[in-house]
Amino acid sequence: MTDEITTPSLASFLDRVGLPASDRDRVIAIDRELARELESDHSDTNGCASLVLEAADLIANAGPLGFDWSACGDDD
């Protein structure tokens with residue numbers, strides 16, 4: 001097993017699915033913004049929804065993603 005699998009992170013996952021660096025960095029920034037917003041006592045739900053949709057759009061429009069399944073074990 002690689003370190004990426006034993007210590008998963010959002011960046012590692014986005015790299016593995018083949019997201020371009022600029023999109024990956026934006027998705028990570030969105031994740032951080034969402035975390036701060038959700039910790040707030042007065043979360044902006046519309047703003048959070050917009051961020052989620054932006055991240056989903058970045059991933060969906062990345063073209064054919066090349067997720068490397070070879071490192072994933074079949075634990076069944």
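Along the sequence shown, the residues carry numbers beginning at 1.
- By the side chain to side chain contact (heavy atoms under 4.5 Å, CB included) test, E54 pairs with R26, I30, L51, L58, sequence neighbours left out.
- A donor-acceptor pair is defined here as one N or O able to donate and one able to accept, closer than 3.5 Å; such a pair exists between the side chain of S40 and the backbone of H42.
- In this structure, I28 CD1 and E33 CD are separated by 12.5 Å, a value rounded to the nearest 0.5 Å.
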Next item on the list: Go through the steps for I59 and L19 under the test side chain to side chain contact (heavy atoms under 4.5 Å, CB included), then give the verdict.
Entry: CA-CA 7 Å; I59 294 168; L19 201 63; 4.2 Å; yes
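- Considering every non-hydrogen atom in both L38 and C48, the closest pair reads CD2-SG, 4.2 Å.
- The hydrophobic cluster containing L14 also contains V52, counting ILVMFWY residues as joined when their side-chain heavy atoms lie under 4.5 angstrom apart, directly or transitively.
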